[in-house]
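In what follows, every chain begins at residue 1, and chains take the letters A, B, ... in the order their sequences are listed.
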Number of protein chains: 2
Amino acid sequence: MRERRAERLEALGWRTGDAAAFLGLSAEEAAYVEVKVRLAEGLRRRRAALELTQTALAEAVGSSQSRVAKMERADATVSLDLLIRALLALGATRHDLARLLRGR
Amino acid sequence: MRERRAERLEALGWRTGDAAAFLGLSAEEAAYVEVKVRLAEGLRRRRAALELTQTALAEAVGSSQSRVAKMERADATVSLDLLIRALLALGATRHDLARLLRGR
DNA sequence: TGCATCCATGTCCGATTCGACATATACAGA
DNA sequence: TCTGTATATGTCGAATCGGACATGGATGCA
(Lines give C-alpha, C1' and ligand atoms only; values in the text may rest on other atoms or scores of the structure.)
Protein backbone atom coordinates (compact mmCIF):
# COMPACT_ATOMS: atom_id res chain seq x y z
CA MET A 1 0.00 0.00 0.00
CA ARG A 2 1.16 3.49 -0.83
CA GLU A 3 2.79 5.35 2.05
CA ARG A 4 0.61 8.01 3.61
CA ARG A 5 1.65 11.63 3.28
CA ALA A 6 2.34 12.06 6.97
CA GLU A 7 4.69 9.11 6.99
CA ARG A 8 6.52 10.37 3.94
CA LEU A 9 7.00 13.78 5.47
CA GLU A 10 8.12 12.31 8.76
CA ALA A 11 10.68 10.20 6.94
CA LEU A 12 12.11 13.48 5.68
CA GLY A 13 12.30 14.88 9.21
CA TRP A 14 9.15 16.97 9.19
CA ARG A 15 6.78 17.15 12.12
CA THR A 16 3.24 16.54 10.91
CA GLY A 17 -0.17 16.93 12.49
CA ASP A 18 -1.90 20.01 13.85
CA ALA A 19 -0.40 23.22 15.12
CA ALA A 20 -0.15 21.86 18.64
CA ALA A 21 1.89 18.88 17.55
CA PHE A 22 4.04 21.13 15.43
CA LEU A 23 4.77 23.47 18.31
CA GLY A 24 5.26 20.58 20.69
CA LEU A 25 2.32 21.52 22.90
CA SER A 26 0.60 19.02 25.13
CA ALA A 27 -3.14 18.59 24.68
CA GLU A 28 -3.58 20.61 27.84
CA GLU A 29 -1.43 23.49 26.70
CA ALA A 30 -3.21 23.48 23.35
CA ALA A 31 -6.59 23.64 25.10
CA TYR A 32 -5.35 26.48 27.28
CA VAL A 33 -4.18 28.46 24.27
CA GLU A 34 -7.45 27.89 22.47
CA VAL A 35 -9.43 29.13 25.45
CA LYS A 36 -7.25 32.20 25.60
CA VAL A 37 -7.58 32.91 21.89
CA ARG A 38 -11.34 32.61 22.04
CA LEU A 39 -11.60 35.04 24.92
CA ALA A 40 -9.20 37.39 23.14
CA GLU A 41 -11.29 37.35 19.97
CA GLY A 42 -14.41 37.87 22.01
CA LEU A 43 -12.88 40.88 23.68
CA ARG A 44 -11.89 42.43 20.37
CA ARG A 45 -15.33 41.87 18.89
CA ARG A 46 -17.03 43.30 21.93
CA ARG A 47 -14.83 46.37 21.89
CA ALA A 48 -15.46 46.85 18.18
CA ALA A 49 -19.21 46.52 18.73
CA LEU A 50 -18.99 49.31 21.27
CA GLU A 51 -16.84 51.33 18.87
CA LEU A 52 -14.14 51.88 21.43
CA THR A 53 -10.44 52.31 20.73
CA GLN A 54 -8.00 50.23 22.73
CA THR A 55 -7.10 53.39 24.61
CA ALA A 56 -10.74 54.03 25.52
CA LEU A 57 -11.20 50.45 26.66
CA ALA A 58 -8.02 50.67 28.70
CA GLU A 59 -9.38 53.70 30.53
CA ALA A 60 -12.73 52.04 31.08
CA VAL A 61 -11.16 49.00 32.72
CA GLY A 62 -8.23 50.76 34.39
CA SER A 63 -5.49 49.38 32.23
CA SER A 64 -3.25 50.62 29.41
CA GLN A 65 -3.50 50.56 25.63
CA SER A 66 -0.50 48.30 25.35
CA ARG A 67 -1.98 45.74 27.67
CA VAL A 68 -5.29 45.80 25.82
CA ALA A 69 -3.41 45.14 22.59
CA LYS A 70 -1.73 42.17 24.25
CA MET A 71 -5.04 40.88 25.57
CA GLU A 72 -6.56 40.90 22.11
CA ARG A 73 -3.47 39.21 20.68
CA ALA A 74 -3.71 36.50 23.37
CA ASP A 75 -0.18 37.40 24.41
CA ALA A 76 1.58 34.94 26.70
CA THR A 77 2.01 37.61 29.36
CA VAL A 78 -1.76 38.03 29.70
CA SER A 79 -3.67 35.75 32.06
CA LEU A 80 -7.13 34.32 31.49
CA ASP A 81 -8.03 36.16 34.65
CA LEU A 82 -7.32 39.55 33.10
CA LEU A 83 -9.12 38.65 29.87
CA ILE A 84 -12.21 37.59 31.74
CA ARG A 85 -12.15 40.67 33.94
CA ALA A 86 -11.96 42.86 30.85
CA LEU A 87 -14.87 41.05 29.21
CA LEU A 88 -16.98 41.40 32.34
CA ALA A 89 -16.08 45.08 32.51
CA LEU A 90 -17.53 45.45 29.02
CA GLY A 91 -20.77 43.98 30.24
CA ALA A 92 -20.31 40.36 29.22
CA THR A 93 -22.23 37.87 31.33
CA ARG A 94 -21.11 34.38 32.23
CA HIS A 95 -23.42 33.19 29.49
CA ASP A 96 -21.51 35.32 27.02
CA LEU A 97 -18.28 33.75 28.24
CA ALA A 98 -19.78 30.29 27.87
CA ARG A 99 -20.79 31.15 24.33
CA LEU A 100 -17.26 32.24 23.50
CA LEU A 101 -15.88 28.96 24.78
CA ARG A 102 -18.44 26.82 23.10
CA GLY A 103 -18.96 28.62 19.85
CA ARG A 104 -17.90 28.64 16.22
CA MET B 1 -50.72 51.29 49.47
CA ARG B 2 -48.83 49.17 51.89
CA GLU B 3 -45.09 49.75 51.94
CA ARG B 4 -43.06 46.98 50.34
CA ARG B 5 -40.78 44.87 52.51
CA ALA B 6 -37.57 46.18 50.95
CA GLU B 7 -38.57 49.75 51.63
CA ARG B 8 -39.49 49.00 55.20
CA LEU B 9 -36.18 47.30 55.83
CA GLU B 10 -34.29 50.11 54.21
CA ALA B 11 -36.09 52.61 56.37
CA LEU B 12 -34.63 50.72 59.33
CA GLY B 13 -31.12 50.97 57.90
CA TRP B 14 -30.85 47.53 56.35
CA ARG B 15 -29.32 46.89 52.97
CA THR B 16 -31.65 44.74 50.91
CA GLY B 17 -31.25 42.84 47.70
CA ASP B 18 -28.92 40.00 46.81
CA ALA B 19 -25.62 38.97 48.31
CA ALA B 20 -23.72 41.26 45.98
CA ALA B 21 -25.63 44.30 47.12
CA PHE B 22 -25.18 43.27 50.73
CA LEU B 23 -21.44 42.90 50.34
CA GLY B 24 -21.18 46.09 48.35
CA LEU B 25 -19.94 44.39 45.19
CA SER B 26 -20.31 45.96 41.78
CA ALA B 27 -22.14 43.92 39.15
CA GLU B 28 -18.79 43.17 37.60
CA GLU B 29 -17.20 41.95 40.79
CA ALA B 30 -20.25 39.83 41.48
CA ALA B 31 -20.04 38.28 38.02
CA TYR B 32 -16.35 37.60 38.52
CA VAL B 33 -16.99 35.86 41.82
CA GLU B 34 -19.78 33.80 40.33
CA VAL B 35 -17.54 32.65 37.49
CA LYS B 36 -14.87 31.71 39.99
CA VAL B 37 -17.27 29.81 42.21
CA ARG B 38 -18.64 27.86 39.27
CA LEU B 39 -15.20 26.83 38.11
CA ALA B 40 -14.28 25.93 41.69
CA GLU B 41 -17.33 23.72 42.06
CA GLY B 42 -16.62 22.14 38.72
CA LEU B 43 -13.10 21.34 39.79
CA ARG B 44 -14.26 19.72 42.99
CA ARG B 45 -16.85 17.64 41.19
CA ARG B 46 -14.36 16.55 38.57
CA ARG B 47 -11.82 15.58 41.19
CA ALA B 48 -14.44 13.65 43.13
CA ALA B 49 -15.55 11.86 39.98
CA LEU B 50 -11.96 10.73 39.47
CA GLU B 51 -11.77 9.75 43.15
CA LEU B 52 -8.66 11.76 43.73
CA THR B 53 -7.65 13.41 46.99
CA GLN B 54 -6.59 17.04 46.91
CA THR B 55 -3.04 15.84 47.47
CA ALA B 56 -3.21 13.51 44.46
CA LEU B 57 -4.63 16.26 42.27
CA ALA B 58 -1.94 18.63 43.48
CA GLU B 59 0.75 16.19 42.36
CA ALA B 60 -0.97 15.65 39.03
CA VAL B 61 -1.00 19.35 38.24
CA GLY B 62 2.26 20.29 39.96
CA SER B 63 0.78 22.23 42.84
CA SER B 64 0.17 21.71 46.53
CA GLN B 65 -2.73 20.39 48.59
CA SER B 66 -3.25 23.75 50.22
CA ARG B 67 -3.57 25.50 46.90
CA VAL B 68 -6.01 22.90 45.62
CA ALA B 69 -8.12 23.44 48.73
CA LYS B 70 -8.09 27.17 48.00
CA MET B 71 -9.02 26.59 44.39
CA GLU B 72 -12.06 24.56 45.37
CA ARG B 73 -13.04 27.17 47.94
CA ALA B 74 -12.77 29.91 45.30
CA ASP B 75 -10.27 31.67 47.54
CA ALA B 76 -9.46 35.25 46.66
CA THR B 77 -5.78 34.41 46.22
CA VAL B 78 -6.57 31.96 43.41
CA SER B 79 -6.80 33.25 39.84
CA LEU B 80 -9.25 32.10 37.21
CA ASP B 81 -6.18 31.21 35.23
CA LEU B 82 -5.08 28.61 37.77
CA LEU B 83 -8.58 27.20 38.11
CA ILE B 84 -8.92 26.75 34.38
CA ARG B 85 -5.48 25.20 34.09
CA ALA B 86 -6.38 22.70 36.79
CA LEU B 87 -9.65 21.81 35.07
CA LEU B 88 -7.88 21.30 31.76
CA ALA B 89 -5.26 19.16 33.49
CA LEU B 90 -8.11 16.94 34.66
CA GLY B 91 -9.21 16.50 31.07
CA ALA B 92 -11.92 19.14 30.88
CA THR B 93 -12.52 20.55 27.40
CA ARG B 94 -13.51 24.09 26.55
CA HIS B 95 -17.02 22.75 26.13
CA ASP B 96 -16.92 21.49 29.70
CA LEU B 97 -15.82 24.94 30.82
CA ALA B 98 -18.65 26.51 28.84
CA ARG B 99 -21.09 24.16 30.51
CA LEU B 100 -19.84 25.15 33.95
CA LEU B 101 -20.37 28.81 33.14
CA ARG B 102 -23.74 28.35 31.58
CA GLY B 103 -25.22 25.68 33.75
CA ARG B 104 -27.55 25.19 36.69
C1' DT C 1 4.64 64.92 2.49
C1' DG C 2 3.51 66.10 6.89
C1' DC C 3 0.40 65.09 10.90
C1' DA C 4 -2.89 62.52 13.53
C1' DT C 5 -4.86 58.24 15.05
C1' DC C 6 -4.79 53.48 16.00
C1' DC C 7 -2.62 49.26 17.10
C1' DA C 8 1.72 46.30 18.14
C1' DT C 9 5.80 45.21 20.84
C1' DG C 10 9.63 45.53 24.19
C1' DT C 11 11.11 46.74 28.79
C1' DC C 12 10.84 48.09 33.64
C1' DC C 13 9.54 47.48 38.35
C1' DG C 14 5.80 47.14 41.66
C1' DA C 15 1.75 44.19 42.66
C1' DT C 16 -0.32 39.89 42.67
C1' DT C 17 -0.22 34.97 42.65
C1' DC C 18 2.29 30.89 43.12
C1' DG C 19 3.98 26.48 45.60
C1' DA C 20 5.47 25.14 49.98
C1' DC C 21 5.16 24.54 54.69
C1' DA C 22 3.09 24.56 59.27
C1' DT C 23 -0.78 23.88 61.53
C1' DA C 24 -5.74 23.32 62.47
C1' DT C 25 -10.19 21.00 62.09
C1' DA C 26 -13.19 17.09 60.99
C1' DC C 27 -14.23 12.55 60.88
C1' DA C 28 -13.45 7.48 60.61
C1' DG C 29 -12.12 3.12 62.40
C1' DA C 30 -9.66 0.39 66.05
C1' DT D 1 -9.62 7.81 73.24
C1' DC D 2 -5.78 7.49 69.92
C1' DT D 3 -4.23 7.28 65.03
C1' DG D 4 -4.60 8.18 60.45
C1' DT D 5 -6.51 10.49 56.50
C1' DA D 6 -8.70 14.36 54.13
C1' DT D 7 -9.44 19.10 53.92
C1' DA D 8 -8.92 24.14 55.49
C1' DT D 9 -6.26 28.30 56.56
C1' DG D 10 -2.34 31.50 57.42
C1' DT D 11 2.20 32.90 56.07
C1' DC D 12 6.50 33.34 53.37
C1' DG D 13 9.90 33.96 49.65
C1' DA D 14 10.01 33.34 44.72
C1' DA D 15 7.91 33.61 40.29
C1' DT D 16 4.62 35.61 37.34
C1' DC D 17 1.73 39.25 35.78
C1' DG D 18 0.23 44.00 35.81
C1' DG D 19 0.21 49.06 34.32
C1' DA D 20 3.12 52.43 32.45
C1' DC D 21 6.09 54.20 29.16
C1' DA D 22 8.74 54.43 24.84
C1' DT D 23 8.63 53.51 20.33
C1' DG D 24 7.55 51.63 15.74
C1' DG D 25 4.50 50.59 11.88
C1' DA D 26 0.22 51.27 9.27
C1' DT D 27 -3.41 54.03 7.48
C1' DG D 28 -5.97 58.15 6.40
C1' DC D 29 -6.40 62.80 5.35
C1' DA D 30 -5.01 67.60 4.41
Side-chain angles (χ1 to χ4, degrees), chain A residues 19 23-26 28-90 92 97, chain B residues 19 23 25-26 28-90 92 97 100:
Chain A
L23 293 170
L25 300 180
S26 70
E28 233 174 285
E29 290 167 326
Y32 175 82
V33 170
E34 186 167 12
V35 165
K36 182 180 277 191
V37 167
R38 281 170 176 271
L39 295 175
E41 290 171 350
L43 181 61
R44 191 184 292 265
R45 277 193 263 106
R46 190 166 278 267
R47 176 175 66 84
L50 296 172
E51 299 184 82
L52 296 175
T53 64
Q54 289 183 345
T55 302
L57 170 54
E59 282 171 18
V61 308
S63 183
S64 61
Q65 179 270 324
S66 61
R67 197 137 289 277
V68 171
K70 284 163 190 169
M71 287 184 216
E72 294 185 353
R73 283 304 194 89
D75 188 281
T77 72
V78 171
S79 69
L80 299 185
D81 206 287
L82 183 62
L83 271 167
I84 292 175
R85 282 180 190 277
L87 280 159
L88 296 177
L90 288 189
L97 301 182
Chain B
L23 294 169
L25 299 181
S26 70
E28 230 175 286
E29 290 167 327
Y32 175 82
V33 170
E34 186 166 12
V35 165
K36 182 180 278 190
V37 167
R38 281 169 177 270
L39 295 175
E41 290 171 349
L43 180 62
R44 191 185 291 266
R45 278 202 302 277
R46 189 166 277 268
R47 175 176 66 81
L50 296 172
E51 298 184 82
L52 296 174
T53 63
Q54 290 183 345
T55 302
L57 170 54
E59 283 170 19
V61 307
S63 184
S64 61
Q65 180 270 325
S66 61
R67 196 137 289 276
V68 171
K70 284 163 190 168
M71 288 184 215
E72 295 184 353
R73 284 308 196 84
D75 188 281
T77 72
V78 171
S79 68
L80 299 185
D81 206 288
L82 183 64
L83 270 167
I84 290 175
R85 281 180 192 277
L87 280 159
L88 295 177
L90 287 189
L97 301 181
L100 289 177

What's the [atom1]-[atom2] distance between [X] and [N], to the nearest Å?
{"X": "A:Leu83", "N": "D:dC17", "atom1": "CG", "atom2": "P", "result": "12 Å"}
{"X": "A:Glu72", "N": "C:dC7", "atom1": "CD", "atom2": "C1'", "result": "9 Å"}
{"X": "A:Arg67", "N": "C:dG14", "atom1": "CZ", "atom2": "P", "result": "16 Å"}
{"X": "A:Leu80", "N": "D:dT16", "atom1": "CG", "atom2": "P", "result": "16 Å"}
{"X": "A:Arg85", "N": "D:dG18", "atom1": "CZ", "atom2": "P", "result": "9 Å"}

Item to check | 5′-ward residue of the pair B:Gln65/B:Ala76 relative to DNA chain C | outcome: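 Nearer the 5' end of the strand: B:Ala76.
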
Next on the checklist: So for A:Ser66 and D:dC21, does any side-chain atom that can act as donor or acceptor lie under 3.5 Å from a complementary atom in the base?
Outcome noted: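 A donor-acceptor contact between them is present.
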
Checklist entry - Does A:Lys70 make a side-chain donor-acceptor contact with the base of D:dG19, cut-off 3.5 Å? => result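 Such a pair does not exist between side chain and base.
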
Checklist entry - Would you find a donor on one side and an acceptor on the other, under 3.5 Å apart, between the side chain of A:Lys36 and the backbone of A:Asp75? => result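 Confirmed, A:Lys36 side chain pairs with A:Asp75 backbone.
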
Item to check | Derivation and outcome, side chain to side chain contact (heavy atoms under 4.5 Å, CB included), residues B:Leu52 and B:Arg46 | outcome: CA-CA 9 Å; B:Leu52 296 174; B:Arg46 189 166 277 268; over 6 Å; no

Item to check | Proximal nucleotide (of C:dA20, D:dT7, C:dC18) relative to the B:Ser79 side chain | outcome: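 The closest nucleotide is C:dC18.
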
Checklist entry - Is there a residue in residues 48-63 of chain A whose heavy atoms reach under 4.0 Å of DNA chain C, and which residues are they? => result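 Within residues 48-63 of chain A, the residues near DNA chain C are A:Thr53, A:Gln54.
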
